[in-house]
Amino acid sequence: MSEKRCYYEVLGVERRAEASEIRKAYKKLALKYHPDRNAGSAEAEAQFKEVTEAFQILNDDDKRQRYDQFGHAGFGGAGDGGGGEDIFSHVQDLFADFFGGMGGGRQARGPQRGRDVRVRQALTLEEAVLGCKKEVQLRTPVECTACKGNGAEPGTEPQACRTCGGNGQVSTGRGFIVFTQTCPSCQGQGRVVTTPCKRCDGAGWEEKARSVTVSFPPGIDDGHRLRVSGQGLAGTSGGPPGHLYVDVVLHTHERFTRDGNDLVLRQKVSFADAALGKTITVELLDGTTREVSIDAGTQPGDVITLGGAGVPDVNGRGRGSLHVVAELVVPTKLSKRARQLLQELEVDLAAHALTSDPADEAR
Ligand SMILES: [Zn+2]
Ligand SMILES: [Zn+2]
């Protein structure tokens, strides 16, 4: 048997490499030499065993320390972590994503599209009628920056699960073909966080504020939902990102009420203007003005409709109307003279009602 190679050399990492680097290097090499990918190659199998043995030592803090101090001699020459029949079951958790069927434990997962994100965005009536661009704020989960997603307080490492010895699965067989089930203690993670990361409480992820510029088309309404493709959560295993859905909520407006593509404006009209008739000027939501003619004899609640002065259809099919509702204003404070005039007016109007011929009014 040839002399054992240095474990660091086997994995192609430096002696001061971090645990994550070791894991990454091993993953890459084990994938390359995995028996499933090198059917019948004894050489590949030997290399697979070699990298796995190196990983089993260097991935374990105590064993790594012992190896750093004493080299292979620290393990009675043979290396107590490697070379044995447990190698293949050991790597199952690491490669479940790549070799889903191996050991019968988990299903292979191909590229997965990221999850969709939904947010509510309030718009003013002006913004909805004219259309607008807005920075929509959302909070999405991202890998915790402190623990890099493993959930362990920086400076500590998740420990190998005692129940399953770190392989994430409990075996009921031995050798290359084993029957396994997901470890109940670690839910298949193979590792248990003993000192949870303070930043994320051990979750491994945290919420991050993000903003996305969204264009709201003119005419968008309360309850409408916009889809912004690709702005949801990131996909996994090379899958595309999810979508962002923006639910529109409309603020109420102090002057205008929206009814579909129509707008309703309650316009205060004095008794004199309603009786005598008057042309008034109304300012629309876009700042332009329209003349509204209040006919003589306008009654409270009468509606004057202005075509084309409403909300543009969100699908480009024309524009709604503006309905101006006459709201009669009755004065609450009267000067002595105003009171006197009103009393005279009242007498005059009553006399007119008595003397006028109903036939006159019909004409
Ligand atoms: Zn964390
Ligand atoms: Zn476990």
Side-chain angles (χ1 to χ4, degrees), residues 17-24 26-27 30-31 34 51-64 80-109 114-115 117 138-210 232-237 241:
E18 299 212 10
S20 60
E21 288 174 57
I22 288 169
R23 215 174 145 79
K24 204 169 148 192
Y26 170 60
K27 214 164 183 172
L31 264 177
H34 197 282
V51 295
T52 301
E53 185 186 327
F55 174 69
Q56 284 178 316
I57 301 299
L58 299 185
N59 190 45
D60 183 298
D61 285 349
D62 292 341
K63 288 180 185 169
R64 184 178 176 181
D80 66 359
E85 67 248 66
D86 284 330
I87 280 187
F88 293 103
S89 59
H90 175 83
V91 296
Q92 277 169 2
D93 78 305
L94 266 177
F95 295 100
D97 290 347
F98 304 96
F99 304 100
M102 205 176 93
R106 299 178 209 172
Q107 292 298 308
R109 279 191 297 158
R115 280 174 48 206
V117 176
L138 50 147
R139 302 185 71 81
T140 49
V142 292
E143 189 181 270
C144 172
T145 50
C147 64
K148 302 282 187 288
N150 73 11
E153 178 66 11
T156 73
E157 283 285 320
Q159 299 300 305
C161 171
R162 284 165 192 262
T163 308
C164 59
N167 66 28
Q169 293 178 325
V170 185
S171 306
T172 52
R174 295 192 77 75
F176 185 36
I177 296 171
V178 286
F179 296 94
T180 59
Q181 65 177 75
T182 302
C183 171
S185 301
C186 62
Q187 279 79 45
Q189 297 298 303
R191 316 176 121 218
V192 178
V193 173
T194 48
T195 316
C197 167
K198 286 192 190 77
R199 188 181 174 95
C200 65
D201 283 331
W205 57 273
E206 58 190 336
E207 283 198 328
K208 194 184 171 206
R210 185 156 71 92
L233 300 190
T236 54
S237 306

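In this text the structure is predicted, and so the values were computed from the model without any measurement. The first residue of the sequence shown is numbered 1, and numbering continues consecutively from there. Numbering of ligands and ligand atoms starts at 1, following listing order.
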Candidate pair R199 and C144, rule side chain to side chain contact (heavy atoms under 4.5 Å, CB included), full reasoning: CA-CA 8 Å; R199 188 181 174 95; C144 172; 3.8 Å; yes
Step-by-step side chain to side chain donor-acceptor pair (under 3.5 Å) determination, Q187 to T182: CA-CA 6 Å; Q187 279 79 45; T182 302; over 6 Å; no
Y26 vs L58, test: side chain to side chain contact (heavy atoms under 4.5 Å, CB included). Steps then yes/no. CA-CA 10 Å; Y26 170 60; L58 299 185; over 6 Å; no
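For R210, the CZ atom is densely surrounded, since the number of other residues' heavy atoms within 6.0 Å is greater than 12.
Classification of E143 and K148 as a salt-bridged pair fails, no side-chain N sitting under 4.0 Å from a carboxylate O.
In this structure, the side chains of T194 and T156 stay at 4.5 Å or more apart for every pair of heavy atoms.
For the Zn ion (ligand 1), the count of nearby protein N/O/S atoms, taking only those under 2.8 Å, is 4.
Angle SG (C183) to the Zn ion (ligand 2) to SG (C164): 110°, rounded to 10°.
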